Structure formats: structure tokens, C-alpha cells
Amino acid sequence: MGVDKKILVIPGDGIGQEVTAWGQKVLVTIAENYKHNFVFEEGIMGHVAIEATGNPLPDETLEKARRSDAILFGAIGHAKYDNDPSLKVRPEQGLLKIRKELGLYANLRPIKLFDELLEASSIKPEILRGSDILFFRELTGDVYFGEKNRTENMASDLMIYHRYEVERIARKAYEAARTRRKKLCSVDKANVLEASRLWREVVQGIAKEYPDVETEHMFIDNAAMQLIKDPKRFDVVVTGNLFGDILTDEASQIAGSMGMLASASIGDSVGFYEPIHGSAHDIAGKGIANPLASILSAALMLDISFGLKNESQRVIKAVEATLKQGYRTMDIANKHTDNHLVMGTDAMGAKVLENLN
Ligand code: IPM
Ligand code: MG
């Protein structure tokens, strides 16, 4: 029996417009092949929404999000804001607001390296081989949402965590560790920050509920170094919003390219799926962006929100097959890649669809 699901698609800004179409096409193909009924709606957010309505997250988009079973999101941001800190209305506010409004407190970022891409990373293959890390980044607290102050000559962002916020993300991370290699690394800056000392204390407490999982605590500076020195030592990593933002961009190099990494943001209700790459204005509109992160985000949706494990695996296998056939977008090509096999967004997406069928 097929399932009925309502999916909201929010392509957003920059290359989000180009790659999200492929995540959606993959979902359409899966629905056809497995007799599911996926109904799609579209919403606007970010710079495109500011242009259209003056608001980076229009109420209409938020309402559609609340009504949906899952959301496929593209990217947010526009060059014009990056160099003008004085602008008060900014695209990113839309993304932060939807995370908060939907209670998406846990951001899962799996760092999985396809063997075919061992050569695409700037890190040596022998260091990378076998790496498989699952990040749990807390997503609705920290300096992102603490009180902000600004005078002419002073500015501050409050780093704030409540016990319950650390508890709920830690539990999710431990539960995941149990299904994997049973190792959890909690990353903080407890040697300096009070918010991190609370973080560590809470994780130490939760650790007692999971004696079968080996717990390690690491300072963020050390973690940033260990991650590229010896990525294989990590299994599940749990950390706060800001540290997680930074560490997962770094970790994307383990997967070869930012263009390969998908993420799932979950909480108490609807799930939100997005590539971790941004809007990439430098290549937007050129048709060369890598659609695989959006396609892999769709795979995460099938698994996590809909419980369709076979379908999700099918998508991952199709991506793997495409890479095995040698096809590459620019970001994952290297000097050994045959030029004929380097392609743009649409050609690459089409190859994955062929492999799905
Ligand atoms: C991410 C992004 C966002 C963040 C930006 C676009 C607000 O970098 O999802 O990692 O900082 O969370
Ligand atoms: Mg980021």
C-alpha cells in the first residue's frame, strides 16, 4: 500500500532554484515507482520572498509548512546583503524563523563519503577512507537566538542554552549512536564558556542513561583539528548551533564537496530537508551546481519523515551508480576525470533519474 504525503517545496535563493527541482523530480519518480501519492505545494522564502512581499518568510509559506508532512528546501541568501551589514531585513531571517516556528531543534548532517569521491577532497584518501560521521547540530538555541544588542560602538549576541534544550538533542544523538558504532562525541568550549559548562554537565547526566555508548567530550578547537587529522575516530557528534554550523562546513570536505551534503532538521512535528550548501551566488544561474545534495536530502526525507527505508536506499544507490559511471559535476571532478563526464545540474540530475528507473 502506498502512502499519502503532502510535501512543501521551497527552492529559495541562488542555486536553490536549480538543484531543488531535482530533489523534487526524484520524489516524483519514487512516488510513481512505488505507487505512493505525493502532493506538492510550493512556497517562497529568503531573498526571493523579500523581493515579492518584503518579508523573508511570508505567513503564507509558514502556514503551508505547518500543513505539510515534510519540506524540501533549497538555499537562502543573496550577495547584496553579505557586504551590507546595515540592512535590517535579511534572507537568513526567514530560515531562522521557520526553524524556530516549526521547533526544528535537531539538525542531522550525515557525512558519508562515496568511495568514488575519495579523490575529490583536499584531504588525503588514506585519511578519509572509511569515514562515516553523523552530526547532531542543535538548531534553535545558542547565539543564533539569544538577545542581541547594538549601539554605535558595541554589539553583543547572547549565547544561551537551557537544560531542556541540551537534554533533548543529546537524547536524539545517543539514540542514533545506539544504532551505529556506539560512540558519541560532545563538542563544547567548557574551559571558557558558561553555556558550554551547562552543556557538558547535561550531556554527562544523559550519558548515564546510555552506558552502552562510549562518550567523549571535546573542546571545539581540538575537534576542528581532529576532524581533518583523523575523521575516522568520530561516529556521532553532538554540538551547539554555532559550533555545529562551523564544524559541518569543515566536515563537508570529508565528503568531497559541500555539493554532496544533505541535512534533516527535525523536532516535534514536520521535518525540513535541505542541502548544507548555501545559495552560492558565484555560480547561480549557470546551471553547473551539483544537484546531489538536494537529491540526497530527498532520500533523507523518505527515510526519516516517511519511514520509507527501501525507497530512500534506492535513491542513495542511484546516486552511487551515477558516480560509479563516472559522471561528475564540476565541484566533484578532479584532474583524473574524463572531460566528457563533467556535466551541469540538469544532465547530472537526469543521470540519477535514469539510474532510479
Ligand atoms: C546553515 C547555514 C545557515 C546557518 C545560514 C544560511 C543562516 O549556514 O544552515 O548551515 O548559519 O544555520
Ligand atoms: Mg552553515
Side-chain angles (χ1 to χ4, degrees), residues 10-17 19-20 23 44-50 55-57 61 65 71-85 87-111 133-146 148 157 159-161 165 169 187 220 223-224 227 237-255 257-267 271-282 284 289-290 293-294 296-297 300-301:
I10 310 178
D13 299 328
I15 61 169
Q17 292 285 338
V19 298
T20 314
I44 56 171
M45 198 166 113
H47 170 69
V48 290
I50 296 175
N55 183 351
L57 177 62
T61 303
I71 300 155
L72 182 68
F73 175 66
I76 212 154
H78 189 276
K80 108 176 200 205
Y81 304 85
D82 293 353
N83 293 313
D84 188 352
L87 288 172
K88 290 275 176 287
V89 179
R90 313 180 64 84
E92 290 79 3
Q93 292 160 346
L95 182 58
L96 298 183
K97 183 165 176 209
I98 203 167
R99 286 174 179 170
K100 195 71 169 177
E101 290 284 333
L102 300 178
L104 304 167
Y105 63 82
N107 182 221
L108 281 64
R109 297 188 163 182
I111 312 289
I133 310 174
L134 177 57
F135 277 89
F136 278 78
R137 168 189 175 193
E138 200 288 329
L139 204 59
T140 53
D142 207 340
V143 285
Y144 274 70
F145 294 94
K148 294 179 187 296
D157 302 86
M159 179 179 275
I160 176 166
Y161 265 118
E165 293 176 297
I169 183 108
V187 174
I220 174 68
L227 199 56
V237 177
V238 62
T239 189
N241 204 346
L242 181 63
F243 299 156
D245 178 45
I246 299 167
L247 276 190
T248 52
D249 263 29
E250 185 192 352
S252 73
Q253 282 313 297
I254 296 167
S257 160
M258 290 266 279
M260 293 301 299
L261 286 198
S263 88
S265 302
I266 55 173
F272 188 92
Y273 299 83
E274 58 171 315
I276 91 153
H277 63 64
S279 48
H281 337 291
D282 51 331
N290 185 346
S294 178
L296 291 168
S297 298
L300 279 180
M301 176 190 294

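Start at 1 and go down the list; that is how both ligands and their atoms are numbered. Residues: numbered from 1 along the sequence shown. It should be emphasised that the depicted structure is a prediction, and the values quoted were computed from it without experimental measurement.
- Ligand 1 places these atoms under 4.0 Å from at least one heavy atom of Arg137: 1 (C), 4 (C), 9 (O), 10 (O), 11 (O), 12 (O).
- The shortest distance between side-chain heavy atoms of His277 and Asn290 does not fall below 4.5 Å.
- Residue Glu274 has no N or O atom closer than 3.5 Å to an N or O atom of ligand 1.
- A donor-acceptor pair is defined here as one N or O able to donate and one able to accept, closer than 3.5 Å; such a pair exists between the side chain of Lys100 and the backbone of Thr140.
- Counting the atoms of ligand 1 from 1 in the order shown, those under 4.0 Å from a heavy atom of Arg99 are 1 (C), 4 (C), 9 (O), 12 (O).
- Counting atoms of ligand 1 from 1 in the listed order, those under 4.0 Å from a heavy atom of Tyr144 are 4 (C), 11 (O), 12 (O).
- Under 4.0 angstrom from ligand 1, there are no non-hydrogen atoms of Gln93.
- Remark: the backbone N or O of Ala75 is not paired with any side-chain donor or acceptor of Ser279 at under 3.5 angstrom.
- A distance of 9.0 Å separates CG in Leu261 from CD in Gln253, rounded to the nearest 0.5 Å.
- A heavy-atom separation below 4.0 Å is found between Asp245 and ligand 1.
- Close contacts between ligand 1 and Glu92 involve ligand atoms 6 (C), 7 (C) [criterion: under 4.0 Å to a heavy atom].
- With hydrogens and angles ignored, the 3.5 Å screen pairs no side-chain donor or acceptor of His47 with any backbone N or O of Asp13.
- Residues Glu138 and Tyr161 bring a donor and an acceptor atom of their side chains to less than 3.5 Å of each other.
- Looking only at its N/O/S atoms, Asp245 has OD1 as the one nearest to the Mg ion (ligand 2).
- With a 4.5 Å cut-off on side-chain heavy atoms, Ser265 and Leu102 do not count as touching.
- Using a 4.0 angstrom heavy-atom cutoff, Arg109 counts as in contact with ligand 1.
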